[in-house]
Enquirer: 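Mind looking over this structure? Questions follow.
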Amino acid sequence: MSTIITFDARSGRILGIHHGSADEERARKSAQHHSKVSAEHIDLLTTDAVELDKSKRYKVDVGRKTLVPTEAGEEGVWFGFGSTGRTNQSNPA
């Protein structure tokens, strides 16, 4: 599955993740709108998120413009897939 990752080109902070048939221009505009980072500082990379290790957190290496696993204590994002939402409880408290 193709994934577009928008990030702050100065710090590598991930601003947005867009899976599937995401459009690069829409991903940039969304990142700018939600993060308030100037368009000139937003960059993107495309990866196949399904191939990433679900147990690891990732960050952007700005110099190499690629995702890299984080070290202990560093900020990052997970790329796990699965169901979301609340579980059904037969006996709610």
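Side-chain atoms are counted along with the backbone in the values below, which use heavy atoms only and exclude waters and symmetry mates. None of the values given here were measured: they were computed from a predicted structure. Position 1 is the first residue of the sequence; numbering continues from there.
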Enquirer: What is the minimum heavy-atom distance between Thr3 and Ala49, and which atoms define it?
Expert: OG1-CB, 3.2 Å
Enquirer: On a heavy-atom basis, which atom in Gly76 and which in Thr70 lie closest, and how many Å separate them?
Expert: CA-CG2, 3.8 Å
Enquirer: Sub-3.5 Å donor-acceptor pair from the side chain of Glu51 to the main-chain atoms of Asp48, do we have one?
Expert: no
Enquirer: Is the shortest side-chain heavy-atom distance between Ile17 and Val77 below 4.5 Å?
Expert: yes
Enquirer: Assess whether atom CD of Glu71 is packed by more than 12 heavy atoms of other residues, nucleotides or ligands within 6.0 Å.
Expert: no
Enquirer: Going by heavy atoms in the side chains, are Leu45 and Leu67 under 4.5 Å from each other?
Expert: yes
Enquirer: Answer whether the closest heavy-atom distance between the side chains of Arg10 and Val62 falls below 4.5 Å.
Expert: no
Enquirer: Hey, any chance Phe7 and Leu52 share a hydrophobic cluster, counting ILVMFWY side chains that come within less than 4.5 Å of each other, even indirectly?
Expert: yes
Enquirer: Applying side chain to side chain donor-acceptor pair (under 3.5 Å) as the test, list every pair that has at least one member in residues 28-37; sequence neighbours left out.
Expert: none
Enquirer: Do Glu75 and Lys59 come within less than 4.5 Å of each other through their side chains, counting heavy atoms only?
Expert: no
Enquirer: Between Arg26 and Asp23, is the salt bridge (Lys or Arg N to Asp or Glu O under 4.0 Å) condition met? List the steps.
Expert: CA-CA 5 Å; Arg26 286 181 59 188; Asp23 171 276; 5.6 Å; no
Enquirer: Using side-chain heavy atoms (C-beta onward) and a distance below 4.5 Å, is Val60 in contact with Arg13?
Expert: no
Enquirer: Could you walk me through whether Tyr58 and Ile14 pass the side chain to side chain contact (heavy atoms under 4.5 Å, CB included) test, one step at a time?
Expert: CA-CA 9 Å; Tyr58 290 88; Ile14 294 175; 5.6 Å; no
